[in-house]
Amino acid sequence: MAWKGDRSVGVIRWGLVGAGDIAEKRVGPALASAPRSALAAVSRRDAGRAGEFARRFGAPRWYASWEELLRDGGIDAVYVATPVHLHAPVSIAAAAAGKHVLCEKPMALALAECDAMIRAAAENDVKLGIAYYRHFYPIVRRVKKLLAEGAIGTPVVARIDAFERFDPAPGHPRAWLLDAARSGGGPMFDFGCHRIEVLQNLFGAVRTVRSELATVALTREVEDTAAALLHFESGPVATLTVTHAAAEPRDTLDIFGTEGSIHVPKLNGAELRIVRGGDARVEEHPPHENLHQPLIEQFIDAVLDGGEPVVDGRAGREVNRVLGEIYG
């Protein structure tokens, strides 16, 4: 069984499964630079490109398959950055190999796969985290605090719009996102899941779900536009609208309460506007330069210090439950 967090060692040795766009931009740099972290190995189907990635980020070993990487005894934890259809098989096999697992979002294609991942982690006494990194945004934490303090009274309505133009040509490295068997769905599955997690973080469990999925303007297998209406057990109703088809990008969060409102014009940004009694004030809460870094650092702390990942398998499963109702 692989090492599971001996404090005398004090460093997590990571294996990165998948070395695509997000891994290149954020995950690789974070694993290589986070405190108490070392990138030990990388796997990618193209061994040459795996080697190039490993050299750029200082990993001493690379493999052409994730199965080879999981046999590496010098790895304590695995970051799974593959297409969604591989999240469950890789995570389950990693747990069986005694390695902690931090898996990209969404957690899996189906709820049964989420359950199998959670079960594998428990049976092998390893940590399981899901990469909903927006949970760690200072602006999201501030909004949650304002709501808890009653800054806008009782929350009534929330609204999120996430618009990102995306229409890749065949052969594009991210064209797999249009293949439902590999991706699970279109923009709602891909980045709508992030916003579902944000809303659940703010308001708790979702009671009921209604949705509409549509192909409005783009020729593809998955939807290019979707809307969901979520009613939370705590009371508020939220709308979530996502699209790949609109020309104008949007990344907004608005919450309206009985005594005021909260407005985030760019969820990935810093500006927060609070309105109450006709007066408005603006605060700044910028995210980390590397959006993945706080997520990865907290996971490392959980392994080394004996805690739990803040966004664990249960949290990831709950997002998938809502996604299942949206797509059902």
Under 4.0 Å between a side-chain nitrogen and a carboxylate oxygen: does that hold for [X] and [Y]?
X	Y	answer
E259	R276	yes
E52	R49	no
R119	D115	no
R195	D251	yes
D301	R36	yes
E318	R314	no

Measure the spacing between [atom1] of [X] and [atom2] of [Y] and express it to the nearest 0.5 Å.
X	Y	atom1	atom2	result
M188	L240	CE	CG	4.0 Å
K266	T252	NZ	OG1	12.5 Å
R26	D21	CZ	CG	8.5 Å
L16	I75	CG	CD1	9.5 Å
L109	N320	CG	CG	8.5 Å
Y79	L39	OH	CG	12.5 Å

Ring centres under 6.0 Å, that's the criterion: do [X] and [Y] meet it?
X	Y	result
F299	W14	yes
H194	Y133	yes
H263	F256	yes

Under 6.0 Å from the [atom1] atom of [X], do we count more than 12 heavy atoms belonging to anything else shown?
X	atom1	value
E212	CD	no
R45	CZ	no
E149	CD	yes
R210	CZ	no

Under 4.5 Å between side-chain heavy atoms, hopping through other hydrophobics if needed: is there a path connecting [X] to [Y]?
X	Y	value
F163	V198	no
I160	L213	yes
L253	L229	no
W176	V27	yes
I22	L178	yes

Under 4.5 Å between any side-chain heavy atoms of [X] and [Y], yes or no?
X	Y	answer
V264	Y137	no
D179	E221	yes
M117	V101	no
I196	I326	yes
V140	L267	yes
P309	Q298	yes
T243	R250	no
R321	V209	no

For residues [X] and [Y], report the shortest heavy-atom separation together with the two atoms involved.
X	Y	answer
G269	P287	O-CD, 3.4 Å
A93	L70	CB-CD1, 3.6 Å
V42	A59	CG2-CB, 4.1 Å
P83	R182	CG-NH2, 3.8 Å
A245	A217	CB-CB, 4.1 Å
G313	I130	CA-CG1, 4.3 Å

Any donor-acceptor pair under 3.5 Å from [X] side chain to [Y] backbone:
X	Y	value
H100	K127	yes
D224	H244	no
T258	T154	yes
K144	F203	no

Check against side chain to side chain contact (heavy atoms under 4.5 Å, CB included), F232 and L202: CA-CA 10 Å; F232 290 84; L202 296 176; over 6 Å; no

Would you please test D76 and V303 for side chain to side chain contact (heavy atoms under 4.5 Å, CB included) and show each step? CA-CA 10 Å; D76 310 302; V303 172; over 6 Å; no

Output, in order, the C-alpha distance, side-chain angles, deciding distance and verdict of side-chain hydrogen bond (donor to acceptor under 3.5 Å, both in side chains) for Y132 and N201. CA-CA 11 Å; Y132 286 114; N201 181 20; over 6 Å; no

Taking it one step at a time, do S183 and D190 satisfy side chain to side chain contact (heavy atoms under 4.5 Å, CB included)? CA-CA 7 Å; S183 67; D190 180 27; over 6 Å; no

Report yes or no: is the cationic atom of R174 (NZ for Lys, CZ for Arg) under 6.0 Å from the centre of the six-membered ring of F166, at an angle within 45° of the ring normal? yes

We want to know whether E197 and H135 form a side-chain donor-acceptor pair, criterion being a heavy-atom distance below 3.5 angstrom.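 There is such a pair between these side chains.
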
Test side chain to side chain contact (heavy atoms under 4.5 Å, CB included) applied to S33 and Q293, step by step: CA-CA 9 Å; S33 66; Q293 189 103 7; 3.6 Å; yes

Report the C-alpha separation of Y63 and R71 in whole Å, then their side-chain angles, then the decisive distance to 0.1 Å, and conclude whether the side-chain hydrogen bond (donor to acceptor under 3.5 Å, both in side chains) test is met. CA-CA 11 Å; Y63 302 97; R71 290 193 289 269; over 6 Å; no

